[in-house]
Asker: 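Below are the structure tokens for one structure; questions will follow.
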Amino acid sequence: MSSLRFLQLKATPEQAKLLPGNQLMDIFDQFETISTISIKGVFPELLFRVTFKNPKALEQFDQLAAFEITEILEKNDASALLTAYTKGPVPMLIHSNPETWIHTPSTISKHSGLFLTVLGTTKGLKKFRDEILQLLPPSIKISISKNLKGRSIAAPKLPKRRGEIVRIAVKNGYYQSPRKCKQRDLAEILGIKQGTVAEHLQYAESSIMSSWVNQSK
């Protein structure tokens with residue numbers, strides 16, 4: 001039986017400029033993956049939070065060939081929560097590989113470049129690593145966590161409200177494959193905004209997965 005591991009990749013702003021998605025660094029201060037919405041179609045649909053100083057940033061984003069906005073969930077003068085199809089080479093490498101999935105934390109920033117987290121099997125992550133090195137210079141930093149099968153991992157303590165939302169998500173099948181509910185369904189159950197659900201799940205997942213990776217070293 002295969003066990004899941006994590007690959008984390010770091011590329012400087014200069015290294016990330018070799019990718020088609022480098023235009024994001026010219027438009028946004030930070031472009032952050034929150035969650036996967038769907039992987040059933042030709043292109044993966046993801047939930048993103050973006051921060052910007054240019055009020056026309058979203059208009060510029062929607063003109064990029066590598067992305068297609070499907071819905072803007074929340075928006076203010078400095079940030080937005082949106083869903084979009086991702087068509088660039090990196091997300092498509094992950095999408096076309098049945099043994100890898102994009103995970104949090106994954107961000108693109110004009111200040112720090114690309115930080116990518118990929119969840120997958122040993123075989124899937126090795127395949128992705130070999131393929132990504134054909135797109136980016138070998139000087140990028142890549143690390144893969146140890147196999148955690150058979151080890152006891154201590155879960156991090158979550159804030160009360162965040163833990164409650166995670167438990168409700170699990171109870172309603174959000175983490176089953178295929179998913180039994182969507183974030184908007186959880187928002188209706190909890191009586192809060194979908195964006196709030198997304199942020200709680202993102203931070204909970206990031207905390208849990210970071211703890212998992214750190215304990216595997």
Side-chain angles (χ1 to χ4, degrees), residues 1-8 31-41 43-50 70-74 80-86 91 94-95 97-107 115-125 128 143-217:
M1 180 182 294
S2 297
S3 295
L4 295 180
R5 304 169 76 176
F6 284 91
L7 178 149
Q8 291 191 313
F31 188 88
E32 180 181 12
T33 300
I34 301 294
S35 179
T36 298
I37 300 298
S38 175
I39 56 173
K40 293 182 179 179
F43 303 108
E45 185 180 14
L46 304 178
L47 175 66
F48 300 104
R49 177 168 294 283
V50 297
T70 52
E71 186 177 2
I72 297 176
L73 302 173
E74 295 179 7
L81 188 68
L82 57 89
T83 59
Y85 290 122
T86 56
I94 300 170
H95 184 57
N97 186 334
E99 297 186 29
T100 56
W101 305 268
I102 191 168
H103 213 283
T104 57
S106 291
T107 61
F115 184 87
L116 177 68
T117 302
V118 183
L119 170 67
T121 63
T122 300
K123 177 182 175 183
L125 293 181
F128 173 77
S143 62
I144 299 179
S145 67
K146 295 178 181 178
N147 193 313
L148 301 178
K149 183 178 179 181
R151 295 187 60 180
S152 176
I153 302 297
K157 184 174 179 59
L158 299 175
K160 183 177 180 181
R161 181 58 168 165
R162 189 162 298 161
E164 177 187 359
I165 291 173
V166 171
R167 284 190 289 273
I168 290 175
V170 171
K171 180 180 178 181
N172 285 274
Y174 179 76
Y175 289 105
Q176 293 183 27
S177 181
R179 283 181 171 161
K180 303 298 182 182
C181 71
K182 298 181 179 180
Q183 289 180 356
R184 61 175 61 96
D185 299 320
L186 297 175
E188 290 180 5
I189 293 171
L190 292 160
I192 58 179
K193 293 181 179 180
Q194 181 180 342
T196 303
V197 171
E199 288 189 313
H200 274 292
L201 293 182
Q202 177 210 6
Y203 288 118
E205 291 165 6
S206 178
S207 178
I208 292 169
M209 297 311 172
S210 294
S211 177
W212 185 5
V213 170
N214 289 336
Q215 291 179 66
S216 73
K217 294 179 180 179

Asker: With sequence neighbours excluded, what pairs up with Tyr85 under the ring-ring contact (aromatic ring centres under 6.0 Å, His included) test?
Answerer: none
Asker: Roughly how far apart are Glu99 CD and Ile94 CD1, rounded to 0.5 Å?
Answerer: 14.0 Å
Asker: Does any part of the side chain of Thr100, heavy atoms only, come nearer than 4.5 Å to the side chain of Leu119, both counted from C-beta?
Answerer: no
Asker: Please identify each residue that fulfils ring-ring contact (aromatic ring centres under 6.0 Å, His included) with Phe48, with sequence neighbours left out.
Answerer: Phe31
Asker: Please name all residues satisfying salt bridge (Lys or Arg N to Asp or Glu O under 4.0 Å) with Glu199, sequence neighbours left out, ordered by chain then number.
Answerer: Arg49
Asker: Less than 3.5 Å apart, any donor N or O on the side chain of Glu45 or Ser38 sitting next to an acceptor on the other?
Answerer: no
Asker: Do His103 and Phe6 have ring centres separated by under 6.0 Å?
Answerer: yes
Asker: Listed by chain and number, what are the salt bridge (Lys or Arg N to Asp or Glu O under 4.0 Å) partners of Glu71, not counting sequence neighbours?
Answerer: Arg184
Asker: How far apart are the closest heavy atoms of Pro44 and Pro91, and which atoms are they?
Answerer: CG-O, 4.3 Å
Asker: Quick check on side chain to side chain contact (heavy atoms under 4.5 Å, CB included): which of Asp185, Ile189, Leu190 does Val197 satisfy it with?
Answerer: Leu190
Asker: Backbone N or O of Ser145 within a donor-acceptor pair of the Arg5 side chain at under 3.5 Å?
Answerer: yes
Asker: Find the distance between CG (Leu4) and OG1 (Thr122) and round it off to the nearest 0.5 Å.
Answerer: 9.0 Å
Asker: Is there a donor-acceptor pair closer than 3.5 Å between any side-chain N or O of His95 and the backbone N or O of Gly41?
Answerer: yes
Asker: Show me, pair by pair, the donor-acceptor contacts under 3.5 angstrom made by side chains of residues 161-169, not counting sequence neighbours?
Answerer:
from	atom 1	to	atom 2	distance (Å)
Arg161	NH1	Glu164	OE1	3.1
Arg161	NH1	Glu164	OE2	3.3
Arg162	NE	His200	ND1	3.3

Asker: Under the rule for side-chain hydrogen bond (donor to acceptor under 3.5 Å, both in side chains), what residues qualify as partners of Gln202, not counting sequence neighbours?
Answerer: Glu32
Asker: For residues Leu186 and Leu201, determine if any side-chain heavy atom of one lies less than 4.5 Å from a side-chain heavy atom of the other.
Answerer: yes
Asker: Is there a side-chain contact between Leu116 and Phe128 in this structure, where contact means two heavy atoms from C-beta onward sitting under 4.5 Å apart?
Answerer: yes
Asker: Ignoring hydrogens and angles, tell me if any N or O in the side chain of Thr104 forms a donor-acceptor pair with the backbone of Ser106 under 3.5 Å.
Answerer: no
Asker: When you measure from the side chain of Asn172 to the backbone of Tyr174, do you find a donor-acceptor pair of N or O atoms at a distance under 3.5 Å?
Answerer: no
Asker: How long is the span from the CD1 atom in Ile34 to the CG atom in Leu46, to the nearest 0.5 Å?
Answerer: 10.5 Å
Asker: Return the CG to CG distance between Leu73 and Leu47, rounded to the nearest 0.5 Å.
Answerer: 6.0 Å
Asker: Has Thr117 got a side-chain atom pairing as donor or acceptor with Gln8's backbone, closer than 3.5 angstrom?
Answerer: no
Asker: Can you name the closest pair of heavy atoms from Thr70 and Ala84 and give their distance?
Answerer: OG1-N, 3.6 Å
Asker: Side-chain contact test, heavy atoms from C-beta onward, threshold under 4.5 Å: evaluate it for Tyr175 versus Lys180 and give yes or no.
Answerer: no
